[in-house]
Amino acid sequence: MNEDTPNVFLAPYSPQSTENRIYDLWEKSGFFNPDTCIEKKVTKKSAPHFSVVLPPPNVTGTLHIGHAFEDTIQDIVIRYKRMQGIRTLWVPGTDHAAIATQSKVEKLIQKEEGKNRHDLGREEFLKRVEKFAQESHDTIVNQIKKMGASLDWSREAFTLDKKRNLGVRTAFKKMYDEGIIYRGFRIVNWDPKGQTTISDDEIIYVERKSILYTFKYSPDFPIAISTTRPETKVGDSAVAVHPDDPRYTQFIGKIFNVSDFAGEKLSIKIIADTEVDPEFGTGALGVTPAHSMIDWRIGERHSLPKIQVINEFAKMSVQSPLLADKKTIEAREIVATWLREKGLMIEEKEIEQNIATAERTGGIIEPLPKLQWFVDVNKEFTYQHEKLGPIKKGEIVTLKKLMLSVIEGKSEGKNYDKSITILPDQFEKIAKHWIENLRDWCISRQLWYGHQIPVWYGPKKQIYCGITPPTEEGWTQDPDVLDTWFSSSLWTFSTLGWPENTDDLKTYHPTTFLSPGYEILPLWVTRMIMMSTYLLGQIPFKTVYIHGMVRDKSGKKFSKSLNNGIDPIDMIDQFGADALRMALIVGVGPGADSKFDTAKVKAYKNFANKIWNISRFVLTNTNNWDGIKPSTITEEDQKYIDECALLVTDITTDMENYRFYLAAEKIYHYVWHTYADKILEEAKGKIASESAEIKISAQYTLFHILETSLRLLHPFMPFITEEIWIYLPHIPDKQLLMVSTWPHKT
RNA sequence: GCGCGAUUAGCUCAGUUGGUAGAGCACUUGAUUUACACUCAUGGGGUCGCAGGUUCGAGCCCUGCAUCGCGCACCA
């Protein structure tokens with residue numbers, strides 16, 4: 001401690017007056033950037049790399065406590081690896097989150113100005129969204145910094161910036177040219193509220209009671225059918241029965257004309273299809289190809305007409321004066337009433353049903369046939385890269401096959417060197433199961449905010465797909481944008497400069513570690529595997545550390561409607577980022593949900609103060625020691641030093657195996673209950689001893705364990721350890737603690 | 001319907017390869033002008049969900065069951 005140092009070291013520890021200053025110190029040092037670490041010789045250029053991409057938070061507002069948890073896991077592993085002299089890169093970035101951001105801004109404008117996006121026009125609306133996104137971005141970056149995250153901000157990326165747009169177009173074009181991306185007229189999930197298609201993975205099923213109606217189309221129709229959506233039945237073109245169902249075989253192949261069904265004319269063919277469950281309802285299924293996924297498939301198999309009776313606004317698009325332009329829910333009741341009046345209704349039974357709703361808008365999904373863009377996961381193509389697991393160059397593969405080839409590892413006993421390790425390993429099965437059941441991915445969205453599809457339509461209806469627009473006049477670009485997950489699926493390599501073959505890409509890809517929550521395993525993780533194996537012939541990451549969800553004290557999800565949200569910044573202001581990090585990480589293993597309790601944060605704030613006071617005691621009681629290791633160390637002190645070395649080995653093993661939750665608890669317990677309560681208490685007497693030998697031995701031991709503890713604690717509690725490190729004398733070639741060496745295993 | 005996970009002290013959870021049941025919080029009793037009250041010491045508290053099996057030995061491995069939670073599918 002020199003004369004100019006303020007006397008803060010004598011007061012209780014104050015995270016508020018420390019953390020921002022320390023973060024500035026780190027940022028100014030440049031050590032978040034591995035290039036600077038090499039330049040300043042804290043990392044060897046030849047050192048192995050350890051790279052992580054931050055799962056980019058959506059620019060829809062602010063971060064929640066779950067992000068704080070995710071950031072903590074990554075920062076712990078990054079700081080640990082950096083201290084080991086490994087070439088460590090952690091790339092920050094944010095996600096434009098097309099539908100989420102657009103619908104948020106639309107709501108805001110509606111509320112404040114009473115206008116919708118069409119009132120503003122595409123250009124003006126996009127300006128507003130971009131402004132909102134920028135503000136969210138700034139808030140988010142500030143929050144991440146407050147957590148102490150040692151991200152290389154010089155490499156920050158955005159899923160919708162120019163470089164990432166080039167990546168998206170390049171990927172799209174390659175997939176289009178190989179026929180993996182196609183445009184098709186198919187039944188899709190339409191969100192009438194958001195006025196866009198969404199993918200299967202953006203659907204949330206909500207359990208609801210609804211009524212199963214059983215009826216006949218007309219008095220002389222021979223078969224009764226059951227449905228929960230009678231209003232769609234004006235679009236029926238067949239009744240399907242199971243081929244082995246003896247009740248109906250006599251009718252198969254016959255066509256019945258219904259002159260009046262709620263004001264519409266129907267022509268119903270009786271067909272046999274094995275997808276029909278003879279046990280359900282009457283065992284006969286009214287087929288509505290245009291408004292049901294399963295009926296669409298049946299319709300395809302039997303070449304049935306696909307009569308669309310519901311439009312994009314979830315209103316009836318039929319001629320019948322009874323139903324025309326009515327909302328589906330109203331139409332349902334109208335048709336039911338009509339059936340009762342005509343004496344056609346046979347039964348009305350209340351049942352539990354899962355309703356498909358849109359994740360972002362809450363709108364009830366209406367299956368509609370539409371012309372959209374898809375990624376074909378079963379399209380066969382020739383694999384062009386070098387060997388990947390069991391897949392060889394020149395082999396005929398599909399995207400699905402590629403993905404499975406790098407997942408099928410441990411659980412199959414195969415363990416190729418290029419396979420991905422998923423922690424905890426039960427998620428490997430879940431990922432595999434999900435990939436096996438993958439269907440074509442609808443990637444076009446009827447939104448304005450996002451990557452516009454790089455396809456142009458010519459004056460003679462020609463189609464052109466390219467990275468740049470066609471040069472001739474008269475071409476218009478497809479107005480749709482891509483699913484936000486299309487750009488995020490390129491994230492591990494688009495952030496490193498792809499499609500350019502940059503040094504970063506060569507050095508840091510495949511990335512080493514990824515820490516997503518299990519809820520985005522299907523949406524994001526598997527799609528990154530898809531894109532990386534297809535476009536680069538590499539896995540995107542080696543180890544996936546799946547983390548659970550942070551819930552409130554009583555185990556409920558944090559949600560706006562419950563108003564139980566916790567702002568990480570509030571916690572940091574009250575207790576400090578170090579305390580918050582410890583509270584989030586200790587005792588929470590991979591994949592496990594945790595309950596967040598402020599009392600736990602407070603306990604680790606007390607721990608920070610404990611560390612502070614230990615350091616004060618040790619430094620003031622060793623200030624007359626010369627910093628040279630004494631030639632004689634007492635037997636007892638040597639025992640303490642050996643114990644400390646054992647702890648180093650133990651914690652290092654935990655860190656190597658990603659058991660941060662155990663490592664954190666062990667160092668906490670050691671520092672408080674062994675170091676402070678035993679070693680330090682006993683040292684009091686030794687320092688007062690007449691014997692210089694005993695005194696110096698104790699001073700050396702105290703100092704050595706303090707120094708080691710600070711190094712071990714740094715990944716978990718970076719601020720307070722860095723702050724104390726400033727005051728620590730006797731360290732040769734002293735650097736910031738963040739780039740000092742991790743204690744060696746003995 | 002198919003699959004996955006959880007069940008350990010009052011609460012929250014660890015328990016790594018099968019080898020004497022652990023931590024934090026809470027609670028008991030006490031200490032202290034102290035590096036630190038954001039402190040220390042001390043004590044109580046467990047049929048490891050239930051039943052069976054393997055084993056010299058099971059919280060851990062196997063089988064079945066119960067309860068809770070999750071994912072997928074179906075959802076006419």
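Each chain gets a letter, A, B and so on, in the order the sequences are listed, and its residues count up from 1.
- For residues 573-592 of chain A, the pairs satisfying side-chain hydrogen bond (donor to acceptor under 3.5 Å, both in side chains) are A:D75-A:R581, with sequence neighbours left out.
- A:R229 comes within 4.0 angstrom of no nucleic acid atom, judged by non-hydrogen atoms across all strands.
- Helical stems in RNA chain B, defined as runs of 3 or more consecutive Watson-Crick or G-U wobble pairs with donor-acceptor distances under 3.5 Å: B:1-7 with B:66-72, B:10-13 with B:22-25, B:29-31 with B:39-41, B:49-53 with B:61-65.
- Residue-level contact check: A:L212 touches the backbone only, with heavy atoms under 4.0 Å from sugar-phosphate atoms and none from bases.
- Figure legend: cation-pi geometry between A:R527 and A:W441, with NZ or CZ positioned under 6.0 Å from the six-membered ring centre and within 45° of its axis.
- Residue-environment remark: CD1 (A:I204) exceeds the threshold of 12 foreign heavy atoms within 6.0 Å.
- The nucleotide whose nearest atom lies closest to any side-chain atom of A:N609 is, among B:rC74, B:rA35, B:rC38, B:rC38.
- Proximity note for A:Q353 (side chain, C-beta onward) versus B:rA41, B:rU39, B:rC75: the nearest is B:rC75.
- A:N657 comes within 4.0 angstrom of no nucleic acid atom, judged by non-hydrogen atoms across all strands.
- Comparing B:rC72, B:rC74, B:rC38 against the side chain of A:K605 picks out B:rC38 as the nearest.
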Each nucleotide N or O in nucleotides 2-13 of chain B that has a protein N or O under 3.5 Å away: list the pair and distance.
| residue | atom | partner | partner atom | Å |
| --- | --- | --- | --- | --- |
| B:rC13 | O2' | A:G587 | O | 3.4 |

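- Rounded to a whole angstrom, the distance from the P atom of B:rU8 to that of B:rU12 is 9 Å.
- Taking the charged nitrogens against the carboxylate oxygens, A:R360 and A:E202 have no contact shorter than 4.0 Å, which rules out a salt bridge.
- Side-chain atoms of A:E681 stay outside donor-acceptor range of the base of B:rA41, with no qualifying N/O pair under 3.5 Å.
- Within the nucleic acid shown, A:K602 has no heavy atom closer than 4.0 Å to any nucleic acid atom.
- The gap from the C1' atom of B:rU7 to that of B:rC50 amounts to 11 Å, rounded to the nearest Å.
- Taking the P atom of each, B:rU54 and B:rU17 are spaced 24 Å apart, rounded to whole Å.
- For the segment residues 663-673 of chain A, residues with any heavy atom less than 4.0 angstrom from an atom of RNA chain B are, sorted by number, A:E665, A:K666, A:H669, A:W672, A:H673.
- Applying the side chain to side chain donor-acceptor pair (under 3.5 Å) rule to A:Y661 yields no partners; only residues at least two apart in sequence or on another chain are considered.
- The residue A:I294 sits close only to the backbone: its heavy atoms come under 4.0 Å of sugar-phosphate atoms, none of a base.
- Using a 4.0 Å heavy-atom distance criterion, A:I614 is classed as a base contact.
- Between B:rC75, B:rU39, B:rU16, one nucleotide has an atom nearer to the side chain of A:N354 than all others, and that is B:rC75.
- Taking the centre and axis of the six-membered ring of A:Y13, the NZ or CZ atom of A:K605 falls outside the cone set by 45° and 6.0 Å.
- Within the nucleic acid shown, A:V618 has no heavy atom closer than 4.0 Å to any nucleic acid atom.
- B:rG22 and B:rU42: their P atoms are spaced 16 Å apart (whole Å).
- Annotation: side chain to side chain donor-acceptor pair (under 3.5 Å) contacts of A:H291 (sequence neighbours excluded): none.
- Salt-bridge annotation for A:E366 and A:R229: present, with a side-chain N of the basic residue lying under 4.0 Å from a carboxylate O of the acidic one.
- Below the 3.5 angstrom threshold, one finds no donor paired with an acceptor across the side chain of A:Y518 and the base of B:rC70.
- Listed nucleotides: B:rA35, B:rU16, B:rG15. Nearest to the side chain of A:Y661: B:rG15.
- In the set B:rA35, B:rA41, B:rC74, the nucleotide with an atom closest to the side chain of A:K610 is B:rA35.
- Taking atom P on both B:rU63 and B:rG10, the two are 30 Å apart, rounded to the nearest angstrom.
- In terms of heavy-atom proximity, A:S237 sits nearest to A:I307 at CB-CD1, 4.3 Å.
- A:A676 comes within contact range of at least one nucleobase, with a heavy-atom separation under 4.0 Å.
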